[in-house]
Protein chains: 2
Amino acid sequence: MATDCGKSTQLAFRVTEQQLIDEKSFATQAKAMSHPARVRILKILFNLDELGGCLSSDLVAEVGLAQSTVSEHIRILKQAGFICAEPNPPKICYRINRQALEDYKQQYCQLF
Amino acid sequence: MATDCGKSTQLAFRVTEQQLIDEKSFATQAKAMSHPARVRILKILFNLDELGGCLSSDLVAEVGLAQSTVSEHIRILKQAGFICAEPNPPKICYRINRQALEDYKQQYCQLF
DNA sequence: ATAGTTAATCGTCGATTAACGATAAGGTTA
DNA sequence: TAACCTTATCGTTAATCGACGATTAACTAT
């Protein structure tokens with residue numbers, strides 16, 4: 001059935017400015033996770049969390065894309081806050097940010 | 001610290017074919033939610049679930065984009081399984097698919 | 001100081017996305 | 001049948017994305 005379809009009052013559509021901000025924020029986070037290579041990277045770093053993360057070169061070997069491409073994916077994930085970089089010159093150790101993963105879930109649960 | 005960084009064994013990177021499929025599937029779902037207008041649409045339909053969904057024209061009015069643009073966003077959400085269309089000629093009633101929303105959360109929890 | 005290693009940045013390219021107006025398709029109702 | 005309403009599709013345009021190789025930058029170690 002869907003007999004009432006279209007009878008929805010304007011009231012049902014009312015939305016606060018904060019709500020729109022939250023939705024946009026969520027969309028941005030979702031976008032960071034919207035590529036298989038990035039999900040792969042997140043998963044690897046998630047698994048390696050206790051082992052202290054890993055290097056970009058390890059990720060490059062694993063995902064099978066060019067170094068520059070992986071670097072770009074890393075940049076996107078970093079910007080979204082899902083991973084962080086610990087300088088360990090001349091290397092850089094990438095690690096998962098479990099809190100950000102948790103926050104994403106919270107955002108989702110709050111929306112739906 | 002990050003002293004162990006780089007010492008990760010190959011073992012830690014081992015991944016099954018199914019795992020890759022799941023990650024790709026999750027990325028695809030995330031992509032469907034990676035646009036503010038689409039999140040907005042999902043939220044509206046989520047709120048209207050008990051009221052029996054709403055029409056495309058209602059969504060057009062709400063998100064403030066052209067009818068054809070909203071139609072495309074609807075198509076993407078439909079394809080991802082997050083919403084469904086109930087023909088109610090000549091209108092079409094769009095509704096949220098709560099199960100798909102739940103499944104997405106499960107996918108996420110399974111990954112991280 | 002020089003050579004080597006690691007990661008970021010640059011420039012380019014093709015593909016995809018997002019947006020729009022215009023048009024077509026499907027189905028009611030007069 | 002004809003006019004109408006609702007939604008999908010088409011065609012176009014500008015912008016963004018994803019990938020790559022080449023180069024640069026930062027730092028170590030010889």
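By convention in this document, chain letters (A, B, ...) are assigned in the order of the sequence lines, proteins followed by strands, and residues within each chain are numbered from 1.
When rounded to the nearest whole Å, the span between CD of A/Glu86 and P of C/dA7 equals 13 Å. Between the NZ atom of B/Lys78 and the C1' atom of D/dT9 there is a distance of 12 Å, given to the nearest Å. Straight-line distance from the CG atom of A/Asp58 to the P atom of C/dT5: 16 Å, rounded to whole Å. Atom CD1 of A/Ile92 is separated from atom P of D/dA26 by 12 Å (rounded to the nearest Å). For the pair B/Ile41 CD1 and C/dA18 P, the computed distance is 12 Å after rounding to whole Å. Atoms CG (B/Leu65) and P (C/dA19) sit 5 Å apart, rounded to a whole Å.
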Would you list the protein and nucleotides 9-17 of chain C atom pairs, both N or O, that sit under 3.5 Å from each other?
unit_1	atom_1	unit_2	atom_2	d
C/dT17	OP1	B/Lys31	NZ	3.1

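In terms of phosphate contacts, A/Tyr94 brings a side-chain nitrogen or oxygen within less than 4.0 Å of OP1 or OP2 of C/dA8. For the OP1/OP2 pair of D/dA19 and a distance below 4.0 Å, the side-chain nitrogens and oxygens of A/His73 include at least one atom meeting the criterion. Within the 4.0 Å cut-off from OP1 or OP2 of D/dT28, not a single side-chain nitrogen or oxygen of A/Lys91 is found.
Nucleotides of DNA chain D nearest to B/Ile74 and A/Ile76 differ in position, and the one nearer the 5' end is that of B/Ile74.
Separating the CG atom in A/Leu45 from the CG atom in A/Asp49 is a distance of 8.5 Å, to the nearest 0.5 Å.
Using a 4.0 Å cut-off between a side-chain N of Lys or Arg and a carboxylate O of Asp or Glu, B/Glu62 and B/Arg40 qualify as a salt bridge. Note on B/Lys43 versus A/Glu23: no salt bridge recorded, every NZ/NE/NH1/NH2 to OD/OE distance being 4.0 Å or above.
Between B/Phe112 and B/Tyr108, the ring center distance clears the sub-6.0 Å criterion.
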Let me see the working for B/Glu102 and B/Arg98 under side-chain contact (heavy atoms from CB on, under 4.5 Å), right down to the final yes or no. CA-CA 6 Å; B/Glu102 206 55 45; B/Arg98 282 183 187 262; over 6 Å; no

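For B/Gln18, the CD atom counts as densely surrounded, since its 6.0 Å shell holds more than 12 non-hydrogen atoms of other residues, nucleotides or ligands.
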